[in-house]
Every structure is written in structure tokens, then in C-alpha cells.
2 protein chains.
Amino acid sequence: MAKVRHTRFDCSPGCSVEAAIRLIDGKWKCVVLYHLLDEGTLRFNEIRRRIPSVTQRMLTNQLRELEDDGLVHRKVYAQVPPKVEYSMTELGRSLAPIISALKVWGDENIGRFGTPLAVDADQPRIRQST
Amino acid sequence: MAKVRHTRFDCSPGCSVEAAIRLIDGKWKCVVLYHLLDEGTLRFNEIRRRIPSVTQRMLTNQLRELEDDGLVHRKVYAQVPPKVEYSMTELGRSLAPIISALKVWGDENIGRFGTPLAVDADQPRIRQST
DNA sequence: ATCAACAGTATCCTTTTTGACACTATATGC
DNA sequence: GCATATAGTGTCAAAAAGGATACTGTTGAT
């Protein structure tokens with residue numbers, strides 16, 4: 001059987017890094033987390049406006065997963081023009097060092113590997129413009 | 001190539017987070033990075049043995065991407081039983097705080113989501129510690 | 001002569017993720 | 001009556017990721 005030789009992080013007994021990254025893996029999750037950590041409470045469309053290239057469906061998906069993982073709290077107001085507020089839970093806030101480390105690293109190194117999202121129009125990497 | 005200044009990021013400051021996470025996104029990348037950070041230099045099959053559930057193809061893929069991103073250095077010895085050594089580049093080592101933050105968080109919270117990777121068959125699917 | 005070890009490739013296939021688009025219902029403002 | 005804003009859903013299709021398996025060519029050991 002799998003004897004645990006590495007008692008620290010190995011993929012069998014407790015791949016804690018894997019576990020952690022699974023929560024923030026997803027095309028938009030970390031961006032959402034960043035904004036919620038940064039601004040506290042945001043409504044659905046406020047988040048959308050901060051992430052222009054996310055679709056409604058995707059944002060909903062990501063928020064639902066974050067909610068299911070207990071990282072984000074979703075507060076629905078029983079109003080007729082709907083109002084839903086998103087904020088970080090305590091558990092979610094405990095991710096702050098990770099998000100922060102990612103941001104620090106990204107800020108310092110972003111010039112190295114190019115644009116993650118479509119910033120320049122002349123590079124048809126993902127989308128083909130019509 | 002287009003050096004994108006941070007201010008050019010109209011998709012909000014969260015983009016650098018996004019950029020950073022893209023590098024370590026991938027099912028096995030962070031595990032590979034961990035082992036290379038931990039042990040310095042490893043040969044291909046040494047990495048394989050440390051990550052039993054990764055396939056050859058996947059490991060090759062992940063290593064190639066890490067190499068392309070400049071995080072990992074690949075040194076090929078012109079020998080006839082092939083010998084290839086992998087190690088972290090300086091840039092790769094600069095990721096250490098991120099990997100470390102992920103590990104710290106994961107270690108503290110892994111009981112929350114159960115086993116991230118069911119590697120061996122007789123592991124209980126749901127593991128709860130309290 | 002056969003086999004294992006090395007570091008991969010190549011091919012096929014399934015699953016997951018993501019995108020595009022249309023649609024819901026209600027209230028307010030014009 | 002019509003458009004707008006709200007916070008979504010639903011469906012279909014494409015793309016990407018990942019898994020299984022087989023194969024490469026050489027050397028040294030059995």
C-alpha cells in the first residue's frame with residue numbers, strides 16, 4: 001500500500017496545495033475573490049462591470065461554486081427588482097494571503113508572459129473577430 | 001512582444017491575479033512545482049514516482065508548459081539512456097511564496113472538503129476531521 | 001535473445017469547461 | 001406601450017483538458 005513517506009505535501013495523503021488551488025481554480029474565481037476582498041460587498045452586476053469579459057452564465061457559475069465551497073456569502077433581498085449581495089465569508093477571507101501573493105507576483109511579472117485577457121485587439125488568440 | 005503595463009489593464013487590477021494563477025493552473029503543475037522547490041533537481045521519472053497518479057503524457061505536458069512559461073529549467077544530457085533533469089528557474093523560485101501560501105491554507109483547511117485526490121483505492125471518500 | 005529503464009510520442013477517446021445566445025419576471029421611467 | 005435594470009436560467013455547441021494505451025530507440029543486464 002501507499003506508505004506515506006512524505007508526511008508533508010504529497011499527492012496521496014494530503015495534497016493540500018492541490019486542495020487549495022481547486023477552490024480558486026476556475027477562469028474567473030480569483031478575480032471575483034479579489035474584488036470581493038477588495039471592496040467588501042458587491043451586487044451581481046457590480047461584479048460584472050468590474051470583469052467586463054465574463055458572461056452572466058459564467059459569473060453565476062463561479063459565484064455558485066464559491067458559495068458552495070463556503071468562501072462567499074450570498075444575500076438575497078426579497079425585492080422585486082432583484083437584489084443580491086455577495087461578500088466574503090470568514091473562510092473566504094482566510095484566502096486573502098493567497099490572493100495577495102498571487103497579485104504581488106502577477107504585478108511584478110505580468111509583462112513576462114503577455115496579456116491574459118484580450119487587451120490588444122490585434123492578437124486573435126481566443127476570439128476571432130468578425 | 002507587447003509589454004503590457006499594469007495601467008493598461010482595463011480589465012481591472014484583478015487581472016494580475018488572473019495572470020499569476022494561469023501559470024500554476026493545471027492539474028499537476030503545483031504538485032510538480034512543490035517537489036522541485038522541495039528537492040531542487042529531479043529527473044523525469046523521479047517526478048513521476050513522486051506523483052503516482054500522473055500519466056507520462058500529462059507530466060510531459062505540464063513540464064513543457066512550465067518550461068515554456070520560464071518557471072522550470074530542462075537540462076538534457078546527450079546520453080543514450082536518456083537523462084533529463086528538471087529544476088526551478090529563478091523566476092520559478094519566485095513563486096515559492098504562492099505555493100507556500102497555498103500549502104499553509106490547504107493544510108489548515110483540507111478537512112473541510114475531503115480528499116482532494118483519491119489516489120489509492122481503499123481511501124475513504126469522505127474524510128472528516130474535527 | 002529477452003527484458004527493464006530511460007524520456008518521452010502518438011493516437012484515440014471521454015469528460016469538463018467555457019462561450020454564445022435567448023429567455024424569465026417585475027418595477028420604474030419615458 | 002416600450003425600454004431599461006435587476007439577477008439570473010436554459011440550451012446548444014465548441015474547445016480544452018485529461019486519461020488510457022501503445023509505441024519509439026538505445027543500452028546494459030540477465
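Throughout, protein chains are lettered first and strands after them, A, B, ... in sequence-line order, and every chain is numbered starting at 1.
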> Counting any heavy atom closer than 4.0 Å, what does Y86(A) reach on the DNA or RNA strands: base, sugar-phosphate only, or nothing?
Replying inline: sugar-phosphate
> Whole-Å distance between dG19(C) C1' and W28(A) CH2?
Replying inline: 11 Å
> Once you round it to whole Å, what is the distance between C1' of dA7(D) and CG of L63(A)?
Replying inline: 11 Å
> Do V17(A) and V31(B) have side chains that get closer than 4.5 Å, going by heavy atoms?
Replying inline: no
> Mind checking whether D69(B) and K29(B) have side chains closer than 4.5 Å, heavy atoms only?
Replying inline: yes
> How close or far is atom P of dT16(C) from atom CE of M58(A), stated in whole angstroms?
Replying inline: 14 Å
> When the nearest nucleotide of DNA chain D is assigned to R64(A) and to G26(B) on a heavy-atom basis, which residue is associated with the more 5' position?
Replying inline: R64(A)
> To the nearest Å, how far apart are E85(A) CD and dA7(D) C1'?
Replying inline: 13 Å
Please list each protein N or O that sits under 3.5 Å from an N or O in nucleotides 22-28 of chain D, with the distance.
none

> Rounded to the nearest Å, what distance is computed from the CD atom of residue Q62(A) to the P atom of nucleotide dG8(D)?
Replying inline: 14 Å
>> Please report the distance, rounded to the nearest Å, between CG in L59(B) and P in dC6(C).
In response: 13 Å
> According to a 4.5 Å side-chain heavy-atom criterion applied to Ile, Leu, Val, Met, Phe, Trp and Tyr, with indirect links allowed, do I47(B) and M58(B) form part of one hydrophobic cluster?
Replying inline: yes
>> Just to be sure I understand the geometry, which residues of residues 40-49 of chain B put a non-hydrogen atom under 4.0 Å away from DNA chain C?
In response: R43(B), F44(B), N45(B), R49(B)
> According to a 4.5 Å side-chain heavy-atom criterion applied to Ile, Leu, Val, Met, Phe, Trp and Tyr, with indirect links allowed, do V84(B) and W28(B) form part of one hydrophobic cluster?
Replying inline: yes
> For K83(B), does the NZ atom have more than 12 heavy-atom neighbours from other residues, nucleotides or ligands under 6.0 Å away?
Replying inline: yes
>> Could you tell me how far apart Q79(A) (CD) and dA5(D) (C1') are, to the nearest whole angstrom?
In response: 13 Å
>> I need the CG-P distance between D25(B) and dA17(D), as an integer number of Å.
In response: 8 Å
>> Can you tell me if K27(A) touches the phosphate of dA16(D), counting only side-chain N or O atoms and a distance under 4.0 Å to OP1 or OP2?
In response: no
>> Could you check whether the side chain of R57(A) and the base of dG8(D) have a donor-acceptor pair of N or O atoms closer than 3.5 Å, going by distance alone?
In response: no
>> Measuring from atom CG of L23(B) to atom SG of C30(B), what distance do you get when rounded to the nearest 0.5 angstrom?
In response: 12.5 Å
> Salt bridge check: are R64(A) and D68(A) linked by an N-O gap of less than 4.0 Å?
Replying inline: no
> Quick one: side chain to side chain contact (heavy atoms under 4.5 Å, CB included) partners of R93(B), sequence neighbours excluded?
Replying inline: L37(B), M88(B), E90(B)
>> If we ignore hydrogens and angles and just use 3.5 Å, is the side chain of D38(A) paired with the main-chain N or O of Y34(A) as donor and acceptor?
In response: no
